[in-house]
S.K.: 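Structure provided below as C-alpha cells; questions to follow.
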Amino acid sequence: MESKRLARAAAAMVVILLGLLTLNDVADGTSDVCKTVQSYGYQCSDNEVTTQDGYVLGLQRIASNTTSEKKQPPVLLQHGLLVDGMIWVLSKQGLALALSDAGFEAWIVHSRGTKSSRRHTSLNADTNQSYWAWTWVEFAEFDIPATVDFIYNTTGQRVHLVGHSLGALTILASLSQGKLVDKTGAVGLLAPVAYMRHVTSPLLLYGANFYADKLLVSLGGAELLPHSGAVDFVLKTVCSFGLNCSDLMSILTGNNCCLDSAEMKNFLTYEPQSTSKRAVMHVAQMVRSGTIAKHDYGSASTNNQMYGQSTPPVYDLSSVPVDVPLFISRGEADSLTDVQDFNSLVSSLGNHQQSKLTVHSIPEYAHADFVMGSNAGQLLHPPLIAFLSNSTN
Ligand SMILES: *[C@@H]1O[C@H](CO)[C@@H](O)[C@H](O)[C@H]1NC(C)=O
Ligand SMILES: *[C@@H]1O[C@H](CO)[C@@H](O)[C@H](O)[C@H]1NC(C)=O
Ligand SMILES: *[C@@H]1O[C@H](CO)[C@@H](O)[C@H](O)[C@H]1NC(C)=O
Ligand SMILES: *[C@@H]1O[C@H](CO)[C@@H](O)[C@H](O)[C@H]1NC(C)=O
C-alpha cells in the first residue's frame, strides 16, 4: 500500500515538474522558431500581432544572413492547416534559412489556434468555445492582413508572401478582396490547395465522403486537438471503411519522395497542431462541393443570417489584381493538388498578365516535400528565390 502511495506521489511530482517546465518554456519568452533558428546560427526575434477580431498571433523575424548595404526585402511565410510556422525551420535546409542566406528577411507567422497563437484579447481558448468560431476565411480576412500591416510598418517595404497548401489559398482569398494589395510585393504559392473537386488524397476523400467532419463536431468541443481521443476515434472509424492507415502522412498528402528523416522526427515533435473543428469541416465541404466558398452553416436560414444569402458566398479569384507577380508550383505526386484542380486555379485567375505569372512543377514532389523535401534547396528554392529577387524593386 505504502509503495503504491509513494509511486502515486512520485508520478504527481513528475507531472507538476513537467508542468513547471512547460510554463518556463513559455515564460522565458523565446519561441520554438527562434530557439531553433538561433541554434542554426541565425538571428531571430519574437513579435506579436493583434488582429482586428482580437486574436494575438506569434510572429518571428529572421534577419538576413548578408551584410550588404542593399535592402533586405521581407518575405512572409504562411503555413497550411494543422501545422504551424515551425514547418519552415524543421531543418537548416528549410526555406526560411535559404531566404536569409539569399539576402531576404524571413518572417514566420502562426495562424490562430496554433501553439504560439492561442491567445485573444478577451476569449480564453481553453474555456470559451467562441474562441474557435472560424475557418481559413478568417485567416484571409484578419490574420494575414494584420501580419502584412505589421511587417510593412516595421520594415517600410512591400512584403513578399509565400504560402504553402491552404496558406496559398488564404493569400489569394485575401488579395481577391482587395486586401494587402498596396503592401504586397510578389507572391509564391507552393502546393496550393484551392479547388478540391479532384483531390485524390485517400484520407481526405474518405473523411469527406463519410462525413467524418460531422462526426468530429458531434463529439462536442470546438477545438480539433490532434492527439485526442476524439480524433483517434474518428480516424479509427474512417480507417475501418477499408483504408490502410499505417502511414497517415502518405494517405493524406501523397507519396512524398524526399522527406528527410531527421526533419520528420522534428515534424513529429512540433506538429500536428490544433485548429478549429469548423475549419476542418469547411475543408471537407470544399471537397464535397468542388467550390471555393465561405463556410456553409448547414441551413439556409443561418447562412442568410450570416451572409444575407441562403448559400455561402463564392470567392472570385479573378479579382486578384492581374499585375501581382505570382509563382505557382505544384508537385505531380501531390494528392491534395490534383492537376485538374490546379489548372482550374490557374484559369480562375482570369486575365492575369502572362509576364507576371510563373507556373512551375516538380515531377517527383508530393505535398509535404515542398516544405520538408531534403532536396528543396536544389529543386524549389532556386527558382522561387530568383522569382522573388526579380520581383523586388
Ligand atoms: C551565412 O551565409 C554564408 C554564405 O554566404 C554561409 O557561409 C554561412 O554559413 C551562413 N550562416 C549560417 C548561420 O548558416
Ligand atoms: C465566451 O465569450 C463570449 C464573448 O465574449 C461571452 O459572451 C461568453 O459569455 C463567454 N463564455 C464563457 C463561458 O466565458
Ligand atoms: C501601421 O501604420 C498605420 C499608419 O501609421 C496604422 O494606422 C496601423 O495601425 C499600423 N498597423 C500596425 C499593424 O502596426
Ligand atoms: C498498409 O500499407 C503499408 C505501407 O504503407 C504496407 O506495408 C502494409 O502491408 C499495408 N497493409 C495492408 C493490410 O495492406
S.K.: Answer yes or no: is there a side-chain heavy-atom contact under 4.5 Å between Phe139 and Leu81?
M.R.: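 Yes, side chains in contact.
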
S.K.: Would you give me the side-chain donor-acceptor pairs under 3.5 Å for residues 86-97, sequence neighbours excluded?
M.R.:
unit_1 : atom_1 : unit_2 : atom_2 : d
Ser91  : OG     : Gln93  : N      : 3.0
Ser91  : OG     : Glu263 : OE1    : 3.4

S.K.: Any chance you could measure Met249, atom CE, to His367, atom NE2, to the nearest 0.5 Å?
M.R.: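 Result: 9.5 Å between the selected atoms.
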
S.K.: Tell me, please, which residues at least two apart from Pro312 pass side chain to side chain contact (heavy atoms under 4.5 Å, CB included).
M.R.: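 Once residues adjacent in sequence are excluded, the partners of Pro312 under the side chain to side chain contact (heavy atoms under 4.5 Å, CB included) criterion are Ala293, Lys294, Asp296, Asn303, Tyr307.
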
S.K.: When you compare the side chain of Ser116 with that of Ser31, does any pair of heavy atoms fall below 4.5 Å?
M.R.: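 Of all side-chain heavy-atom pairs linking Ser116 with Ser31, none is under 4.5 Å.
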
S.K.: Partners of Ser310 by side chain to side chain contact (heavy atoms under 4.5 Å, CB included), sequence neighbours excluded?
M.R.: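 Here the qualifying residues are Ala300, Asn304.
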
S.K.: Verify whether one side chain among Ser240 and Thr237 offers a donor that lies under 3.5 Å from an acceptor in the other.
M.R.: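 Side-chain D/A pair, Ser240 to Thr237: absent.
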
S.K.: When you check the side-chain N and O atoms of Ser111 and Gln78, is any donor under 3.5 Å from an acceptor?
M.R.: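 Indeed, the side chains of Ser111 and Gln78 share at least one donor-acceptor pair under 3.5 Å.
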
S.K.: Taking only residues two or more places apart in sequence, or in another chain, which ones meet Cys239 in a disulfide (SG to SG under 2.5 Å)?
M.R.: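 Expected list: Cys245.
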
S.K.: Could you tell me whether Glu141 and Lys179 have a side-chain N and a carboxylate O separated by less than 4.0 Å?
M.R.: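 A salt bridge is absent here (no side-chain N lies under 4.0 Å from a carboxylate O).
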
S.K.: For the atom pair CG (Leu59) and OG1 (Thr147), what is the distance rounded to the nearest 0.5 Å?
M.R.: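 The CG atom of Leu59 sits 6.0 Å away from the OG1 atom of Thr147.
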
S.K.: Before accepting this row, confirm whether a basic side-chain N of the pair Asp213/Lys277 lies closer than 4.0 Å to the acidic partner's carboxylate O.
M.R.: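 Salt bridge absent between Asp213 and Lys277.
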
S.K.: Compare all side-chain heavy atoms of Leu317 with those of His352 and state whether any distance is below 4.5 angstrom.
M.R.: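 No, their side chains stay 4.5 Å or more apart.
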
S.K.: Could you pull out all residues at least two apart from Phe387 that satisfy ring-ring contact (aromatic ring centres under 6.0 Å, His included)?
M.R.: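 If we apply the ring-ring contact (aromatic ring centres under 6.0 Å, His included) test to Phe387, skipping adjacent residues, the hits are Phe327.
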
S.K.: Under the ring pair (Phe, Tyr, Trp, His ring centres under 6.0 Å) criterion, do Tyr206 and Phe241 qualify, and how do the steps go?
M.R.: CA-CA 8 Å; Tyr206 269 70; Phe241 293 122; 7.3 Å; no

S.K.: Excluding sequence neighbours, so at least two apart, what forms ring-ring contact (aromatic ring centres under 6.0 Å, His included) with Tyr315?
M.R.: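 Partners of Tyr315 under the ring-ring contact (aromatic ring centres under 6.0 Å, His included) test: Trp136.
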
S.K.: Between Trp134 and Gly113, what is the shortest heavy-atom contact and its length?
M.R.: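 Distance-wise, the nearest heavy atoms are CZ2-CA, 4.0 Å.
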
S.K.: If the condition is salt bridge (Lys or Arg N to Asp or Glu O under 4.0 Å), which residues does Arg197 pass it with, not counting sequence neighbours?
M.R.: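 Applying salt bridge (Lys or Arg N to Asp or Glu O under 4.0 Å) to Arg197 gives none.
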
S.K.: Hey, could you give me the CD1/CD distance between Ile362 and Glu332, rounded to the nearest 0.5 Å?
M.R.: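 Result: 9.5 Å between the selected atoms.
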
S.K.: Assess the side chains of Asp316 and Ser319: does a donor N or O sit below 3.5 Å from an acceptor N or O?
M.R.: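 Looking only at side-chain atoms, Ser319 and Asp316 do form a donor-acceptor pair, the distance falling under 3.5 Å.
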
S.K.: Side chains of Thr66 and Ser64: donor-acceptor distance under 3.5 Å anywhere?
M.R.: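 Yes.
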
S.K.: Who are the salt bridge (Lys or Arg N to Asp or Glu O under 4.0 Å) partners of Asp101, not counting sequence neighbours?
M.R.: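 With sequence neighbours excluded, Asp101 shows a salt bridge (Lys or Arg N to Asp or Glu O under 4.0 Å) to no residue whatsoever.
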
S.K.: With a 3.5 Å cut-off and no angle check, do the side chains of Asn375 and Tyr365 form a donor-acceptor pair?
M.R.: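 Checked: Asn375/Tyr365 side chains pair up, N/O donor to acceptor below 3.5 Å.
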
S.K.: Does Asp84 have any salt bridge (Lys or Arg N to Asp or Glu O under 4.0 Å) partners at least two apart in sequence or in another chain, and if so, which?
M.R.: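 So Asp84 forms no salt bridge (Lys or Arg N to Asp or Glu O under 4.0 Å) with any residue.
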
S.K.: Looking at Phe370 and Leu380, what are the two nearest heavy atoms and their distance?
M.R.: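 The answer is O-CD2, 3.4 Å.
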
S.K.: Would you please name every residue forming a salt bridge (Lys or Arg N to Asp or Glu O under 4.0 Å) with Arg112, sequence neighbours left out?
M.R.: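 Arg112 satisfies salt bridge (Lys or Arg N to Asp or Glu O under 4.0 Å) with Asp53, Asp143 only.
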
S.K.: Suppose we screen for side chain to side chain contact (heavy atoms under 4.5 Å, CB included). Which residues come up paired with Pro321, at least two apart in sequence or across chains?
M.R.: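 Here the qualifying residues are Leu175, Val181, Asp323, Val324.
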
S.K.: So how far is it from Thr392 OG1 to Phe104 CZ, rounded to the nearest 0.5 Å?
M.R.: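 One gets 4.5 Å once the value is rounded to the nearest 0.5 Å.
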
S.K.: Return the set of residues passing ring-ring contact (aromatic ring centres under 6.0 Å, His included) with Phe142 (not counting sequence neighbours), or none when no residue passes.
M.R.: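 By the ring-ring contact (aromatic ring centres under 6.0 Å, His included) rule, Phe142 matches no residue at all.
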
S.K.: Which of parallel (below 30°), tilted (30 to 60°) and perpendicular (above 60°) describes His110 and His79?
M.R.: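 His110 and His79: tilted rings.
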
S.K.: Roughly how far apart are Met264 CE and Asn266 CG, rounded to 0.5 Å?
M.R.: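 The CG atom of Asn266 is 11.0 Å from CE of Met264, to the nearest 0.5 Å.
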
